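All remarks here apply to the structure that follows.
One-based numbering, in listed order, for ligands and for the atoms of each. Please read these numbers as outputs of a predicted model, since none were measured by experiment.
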Amino acid sequence: MKIIGTGSAVPEHIVDNNMLSQILDTSDEWITTRTGIQRRHIMSNEYLIDLAIEASRNAIAMSGVNPKEIDFIICSNVASNYVTPALSTIVEGAVGCECPCIDLNGACAGFIYALDYADAYFVSRGARNILVVCAEEPTRFVNWKQRENCVLFGDGAGAVVLTRGNNLLASRLRSISNKEVITYRRRLERTPYETEGVNVDEPLIMNGREVFRMAVTASQQDLMHVLEHAGVAPQDVKYYMLHQANQRIIDSIQEHMHLPQKKFPSIIAEYGNTSSASIPIMMDLMNRKGELHDGDLIALSAFGAGFVSAAALLRWAK
Ligand code: ACO
C-alpha cells in the first residue's frame, strides 16, 4: 500500500496551560516541563463524528480518488458517544463511499494497527483504495478533577487514503495484556439480574510512570525490529513519527537511538496527546507544509492501553 492523501480536523476550542491552571491545581511550568504540552484542542459543543468526516473528506480530496472507488474503511477509535453503529459506517455515508467498514480499538497504536490491516486487505481482497480515519476524544473520558491525567490530552481526527503499492516495508504489532497501566471502564445499562457492583463507571486510570517506562522500551524495540526486518540503517530514516504522548518520551527514545532531534518531529506542544489520531494529524500537517518527499523513509511507532505497541516503516511516495 501507499499513502496518496492525508487530512485532519481538530476542535475549535484551544485551551492553554494557564487556562487549565484556573480550573485545576496545576501550572504552565509543571505541564510544560513534564510533558512539553503548551495547549491542546478540546471538545466543547462538537461531535467527534464531524471531525472524522472532515478529516476523511480532506484526505479523499487530496487523493483525487472517487469515493465510490474506496473499497474499505477502517476507523480507529477508543471511545465516542456512538457505541453502535460503528463510526466508520457513519463516515462512509457522509463521504459518499459504498464499502465494508469496521472500527478498531488499538488504543493509541490504532493508526499503525489500521495500516497493517489495510495492507493485508489489499492483498487478501484486491482492494483498490482504503480510507483509514483515526478519531479520538480522550478529553471526554478523563476525570477532569485528576490533574495528572486531564492536562495530557487533546482531541482530533486524522485520515489517510491508501492505494495499492509496496511502500509498507515492514510492520510490527504487539500486545502485552496489562490493564493495570491504563484503564477506562464505562457502565452499561443494568440488567435486572445484577446483584454485585460489576458494572462500574470509571474514568481513565493511568500509572504514568509505568506507561512512560513501557513506552520508551517498547518503542525502541519495535523500531529496531522494523528497521532490521527491512534492512534499513536507523540514520537512513528521514523522520521518526512517534505517538505524541509526551515530549520527554519522544526525547528519551531519540537519545537512546543516538539520532538527531530533527528526525523526531513533534506537535505535542500545540495538540497534546490525541491518542491514535496523533500520528495521522502530524503526518497531514507535515504533508501540507511540503515536508514529505517522494522516497523519504518514515518510521512510525506508537503505544497505549493494552499494553499495545506497534511500529511501521514506510517509503513516502505519491
Ligand atoms: N500539575 C501539577 N502537579 C502535578 C500534576 C499537574 N498536572 N500532575 C501531577 N502532579 C504532581 C503529583 O501529584 C506529584 O506530586 P508529589 O511529588 O507531591 O506527590 C508530582 O507532580 C510528581 O508526579 P509524578 O507522577 O511523579 O510526575 P512524573 O514526572 O512521572 O510525570 C506524567 C507525570 C507527565 C504523567 C508522566 O509520568 C508521563 O508522561 N507518563 C506517560 C503518560 C503517557 O504518556 N500516557 C499516555 C500514553 S498512552 C496513551 O496515549 C493513552
**Within residues 294-313 or reaching into it, pairs that qualify as side chain to side chain donor-acceptor pair (under 3.5 Å) - sequence neighbours excluded** = Ser219-Ser301, Asp222-Ser309
Output, or 'none' if empty, a list of ligand 1-protein atom pairs in which both atoms are N or O and the distance is under 3.5 Å, rounded to 0.1 Å.
| from | atom 1 | to | atom 2 | distance (Å) |
| --- | --- | --- | --- | --- |
| ligand 1 | 1 (N) | Thr26 | OG1 | 2.6 |
| ligand 1 | 3 (N) | Trp30 | NE1 | 3.3 |
| ligand 1 | 7 (N) | Thr26 | OG1 | 3.1 |
| ligand 1 | 7 (N) | Arg147 | O | 3.0 |
| ligand 1 | 13 (O) | Arg147 | NH2 | 3.0 |
| ligand 1 | 21 (O) | Trp30 | NE1 | 3.1 |
| ligand 1 | 26 (O) | Arg209 | NE | 3.0 |
| ligand 1 | 26 (O) | Arg209 | NH2 | 2.7 |
| ligand 1 | 27 (O) | Arg34 | NH1 | 3.1 |
| ligand 1 | 29 (O) | Arg34 | NH1 | 2.6 |
| ligand 1 | 30 (O) | Arg209 | NE | 3.4 |
| ligand 1 | 37 (O) | Gly208 | O | 3.4 |
| ligand 1 | 39 (O) | Asn246 | ND2 | 2.4 |
| ligand 1 | 40 (N) | Gly208 | O | 2.9 |
| ligand 1 | 50 (O) | His243 | NE2 | 3.0 |
| ligand 1 | 50 (O) | Asn273 | ND2 | 2.7 |

**Item:** Point-to-point distance, once rounded to the nearest 0.5 Å, from CD of Glu270 to CG of Leu285
**Value:** 10.0 Å
**Shared hydrophobic cluster, Met214 / Ile249 (ILVMFWY, side-chain heavy atoms < 4.5 Å)** = yes
**Prompt:** Applying side chain to side chain donor-acceptor pair (under 3.5 Å), which residue pairs with at least one partner in residues 48-72 are found, sequence neighbours left out?
**Reply:** Asp71-Arg128
**Asked** Taking the inter-plane angle between the rings of His243 and Phe303 on a 0 to 90° scale, is it parallel (under 30°), tilted (30 to 60°) or perpendicular (over 60°)?
**Response** perpendicular
**Complete:** For residues 187-196, the side chain to side chain donor-acceptor pair (under 3.5 Å) pairs (sequence neighbours left out) are Arg190-Glu194, Glu194-Asn199
